[in-house]
Every structure is written in C-alpha cells, then in structure tokens.
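What follows is a single structure, written as structure tokens, with notes after it.
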Amino acid sequence: MQVPPPPPQVPRRMSYASKVLMLGLQCVVLMVGALAIWLISYSREDLNNDVAEDIAGEWGRAVYISGPTVRSYPDSAIVCTPEIFNCEATVDTKSLHRNIYETEVFNARVSLSGTFCKDSILATAGDSILVIELKLKTKQIATLSPLDFGGKTLRWKKTPESIFAEVPANDIPATIHYSTDFDIHGSAALFIKQIGDKSAITIDGEAPNPSFKGSGLPDERSVRGRTFSARWERSGASSGSVYKDETGFVGTNFLVGVDRYQKVARSLKYAFMIIVLTYMSVLFIEIGMKCNIPLLNYLLIGVALIIFYILLLSFCERMAFGLAYLIASAMTVGLISAYIWKMLVSPKAGIGISLILISLYAGCYILLTLSTYALLLGSIILFFALAAMMYGSLHINQEAASN
Amino acid sequence: MDRTPQFEPAAKYSLHWLGTRCLFLLGIAFVLSMIACGIDSFASSRVDAGLISGPRYTLVANSIVYCFGVLAITSVSLLLVEIAFRKDINYLQYALIAMALTLFYLLLLAMSEKMPFPIAYATVSVMTIALIAAFIKGITQDPKAVRLTVGILFLEYGMIYVLVNIGAMALLIGSITLFLLIAVAMYFTLKLKIENDELVIK
C-alpha cells in the first residue's frame, strides 16, 4: 500500500465562502457608519432650519396684505370695501447667508389701486372722519409711498398691525380713485386678500418653487424656471361682512427648505448598493488575478466609500450639490483606484475598478436628479449590474476549469 | 476555517491575528463610545443643575463627538507599534488604554466646571497622554514606540481642539482629515507585507 504524499504546503487562506460571509459582515458594520452620517446630516438640517428661521424672523416672515378698507373710526366693526380692487405684486427673491447657512427671502413691490363708491362709504362708515386702513405687518415695510385718495395725497400712519390714513368725509368725489405702493420684506409666503366687488390680483417675479394657494386657484398662471406669474380675478362678491373672516386670501407659498440635506440623505440610500457592488468587483478582480486581498484592505475600501458621504455632506454646504458630488466622488474614486493599482501592482486592475466606480457614482447621481424616473432607471441599472456580475462569474469558472 | 498542519513554529503576527485584534478593538470602541454618550448626557444634566455654563458644555459635547475616532486611531496606531516593533500588547492592555481615552472626557467635564475650557483641555490631555505614555513604556520598554504613540496622541488631541473651536468649518475640515487618514491607512497596508504568514512593515 502506497502512502499518499503529504499535501503541498499552500499559504493559509480563507475559503471564498467564509470571505464573502465576512465581507457581508463588514457591509453591515459600514452601514452603521452610514447611519451615523445620516444622523449628522439630519442634525445639520435642523441647525440650518433654526438659522433660517432666525434670519426670516429678522427679515420678515410670511406676508399677508388685506385692505384698503374705509371705516369711521379705527377698530370699527362696520367697514366699507372698494368697488374695484387691483393689486400688482412683483416678487424679487434673494438668498441671505449667515456663515454657511442660507435662506431665501423676498422683497415684494406691491401696488394697490382701484375705486371706492362714495355712497357706500357714507352708508357704512358715516360722514365724519374716514379712516382708510390697510392691514399688514408694518415691521416688514421697507419703503412706503403716500396714499392717493380721490386726488388728495395722504400720509400713512403706522400701528404694528396696520397702516392707516385719515380724511374728512365731506369733500370727496362720487367715485374715489385710490392708489398706493410699497416695498415689503418677507419670506415663505405672500398672500393678498380678495376684497371689493371686482378684484384682480397679479403676482409675478422670480422665486424658487412657487405654489399657488388660497381660497381659489389662479385664473392664469405660468411658471417657467424661476420666473412665474399668476392672476386671480373675482367679481360680484359681496363686501362688508366678508371682511371680518380670515378667508379670501390668495397668493403663493415659496418652498424655502434646503434640498441639499435631502439629497445627501437620498444618496445614502444607495450606499449599501455601492458598497456591495464595489466589494463584488474587487472580489472578482481578486479571483481573476489569483491574488489574495486581505479583509483589512476590503475594510479600508469600504470606509473610503462611506467617507465619500461625509465629504459630500461637508462640500455641499459650501457649493452647489452637483459640484460637491463631482469633487467628492473624484476624490474617492481616485483614492480607491490608486490603492488597488498599488496593491495589485496592476494598472489594468486600477483602471478597471475606477471605471466601475465612476459608472456606479454616475448612476447614483442620475437616480438622485431624475426623481420621477428614479425607480425605473434604478431597477434597470441593477439588472444590468447583475448581468455584468453573472458574466464575470461565468468567466472565472471557465478560467478555473481550464487551469 | 481549516488549519493545515504546521511545519514551522506558528506565525504570531498573522492576518488571522490582525483580524481578531481588529474585531476586538472595534467592539471595545463601540462600547466605550456608548459610555462617552452617557458622559455627554451626564454633562447636559450638569448644565441643568447649573454646575457648568452652556457654552462650555457645548465645547465638551463637541469634543465627545470625536470619541470613536480617537479610540479607533489610537488602537490602530498601537497595532502598528505591535507589528513594527514586535512588542506584545495584550487585550487587557488595549482595553485599559481605551478606558483612559474615555476617562479623558469625564475628567474634561469635571475640570471645565472649575476652570476655563482651554486650560482644562490642556491639563486633561497632558494627564491622559502622560499616563498612556508611561503605560506604553512599561509594556514595550522601547523609547521609539513611546515617542510614536505620544506623537500620534498629541496630533489627535491638537486636531480635536482645533475642530471644537472652529465651529461651522469643523465638518469640512474633519471630513477632509478623515479622507487623508484613510489614505495614510491605505499607504500603511501597502507597506504591510506577508512573509511566511507573518506581517512585516517594509
């Protein structure tokens, strides 16, 4: 009986099954890191919202304009609203910065004009002193031009919640034309009350994400990029008693939320996919080149992939999201492919992994920007990635069989 | 995992050894980070009790954020000392050093209640670094290993002091530092060669 020769001494190495298991474990540990980055992003967003709230508090919050109305004395319940009410508001948005935090506020140029009917004024407001009142937060008014009321120029007087002007009731014409204009600072929303028998309100200008709200949708609207305009018309509504209630406002909301943190949070959703696909590609390179890459090196690659997200978060606070994504991904791809290159002493492997990573990050970016097609495109990309993986594994088996 | 029969004396500093060390150190770092979170909530209760002022607490809390990083970097540099100088640091000693690094935050809280933050930070970091340096000296008896550890610890605490004080820039600087650190770690693993199953730094 022949004694079998002792097995040739091979360097001790892990079986691929246990290696894949350990890599799976690493993925889970790395996802804890991703969770930590998500928490950091969340707390930064909170901080940003606090600062934005603070800035808005100083600049001016949502603007509500209602008026003008005529009454016989301030705080009288009986009011007279105009016959014709025209309002034109032009919104000019600008962003205010404090440190790295920014928020969008606007400056609105509002001009009001129209007519009052003398008979209805005399019927509701009496015939002594008329008080013409416009309700808005006076703290937010930047410039205010005097009221032109039936040919007379009246100076506005201010209270915190309104501006008003007084005129004797006896010498006014039958149809009183009025007009005034002012600049008002605000943020988040601009609403104007539809008063009068015939009202026409136009709001236009430049703003991010205007959404038209209020008691009625606009009759005409157009949104082209950041430029928008909307027009509300109403006629035949009763005046007087309607004034008291809080309805009847129309206008726009401006979404001032900062979307960069949401983009970082959304890109973190794809972190697991990127890590798994990168690990699989490195594993395939390892099998294909018949070399041994220790688990520690895998861990470092995984950590670099996680650090991408914190780089992205910190860069996108200072520059546009696309640029931040480009720089962070270029840094990560450069580092990992240089590492693979030097580790395996093979430029081919380095270029291969850089191509894979570039396509992963590019795919992830497309998923982030195309929100409507994200699911469709994402699943198609995953399908092709799986097909590529299958092709790769097929190739490996053939090579192993031929050796 | 099957073990092939060994014809030579078993390699001590093998990849397997490195893997188990890393897992142990990761576990220790996680547990002690939890304890650091506990110190943070304890500190915020001291603010409510009026024992420490709000701004100082913010500085202490900001420095606790980096606890996991300090633990991880120090552990990795100790591993490096083990491999490079062929000195043995056992698990208990790793755990004790990690505890000293966590105790730093409790000391920092206690000190900054009594004195301004920069003085408290300097005192506590010098105390911690001196303790760890003496311990490393006792373990390895190698002045080069002590100097390396002290240098790394000084860099860490200096960096954290800067990060705590620059406020809004901290995230940017911190993330770029992390990126550079991972690049340095990658560089060292490239230097790490396996000869007869033994890890050697070349």
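Here is the naming used below: chain letters follow the sequence lines, and residue numbers restart at 1 for every chain.
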*asked:* Would you compute the distance between atom CG of A:Leu299 and atom CD1 of B:Ile182 and round it to the nearest 0.5 angstrom?
replied: 7.5 Å

*Measuring heavy-atom distances to chain A, does B:Leu178 have an atom under 4.5 Å in its side chain, in its backbone, in both, or in neither?*
both

*Rounded distance [0.5 Å steps], CD1 in A:Ile340 versus CE in B:Met186*: 8.0 Å

*asked:* Does B:Tyr91 have more than 12 heavy atoms from other residues, nucleotides or ligands lying within 6.0 Å of its OH?
replied: yes

*asked:* Are more than 12 heavy atoms, taken from residues, nucleotides or ligands other than A:Trp59, located less than 6.0 Å from that residue's CH2 atom?
replied: yes

*Does atom CZ of B:Phe24 have more than 12 heavy-atom neighbours from other groups under 6.0 Å away?*
yes

*If you draw a 6.0 Å radius around NZ in B:Lys137, do more than 12 non-hydrogen atoms from other residues or ligands fall strictly inside?*
no

*Sort out for me which of A:Arg44, A:Glu317, A:Met343 touches chain B most, counting heavy-atom pairs under 4.5 Å.*
A:Arg44

*Non-hydrogen atoms of B:Leu18 and A:Leu296 that approach each other most closely*: CD2-CD2, 3.6 Å

_What part of B:Phe68 gets within 4.5 angstrom of chain A, counting heavy atoms only: side chain, backbone, both, or neither?_
neither

*If you tally heavy-atom pairs under 4.5 Å against chain A, which of B:Leu172, B:Leu192, B:Val65 wins?*
B:Leu172

*Work out which heavy atom in B:Leu190 is nearest to a heavy atom in A:Lys342; give both atom names and the distance.*
CD1-CB, 3.4 Å

_Minimum heavy-atom distance A:Ile307-B:Ser175, with the two atoms named_ = CG2-O, 4.4 Å

*Say you draw a straight line from CG of A:Leu311 to CZ of B:Phe179; how long is it, rounded to the nearest 0.5 Å?*
6.5 Å

*Toward chain B, the part of A:Ile40 with a non-hydrogen atom under 4.5 Å*: side chain

*Step through the shown structure and confirm whether more than 12 heavy atoms of other residues, nucleotides or ligands are within 6.0 Å of CZ on B:Phe188.*
no

*Under 4.5 Å heavy-atom distance to chain A, tell me which part of B:Leu26 shows up: side chain, backbone, both or neither.*
side chain

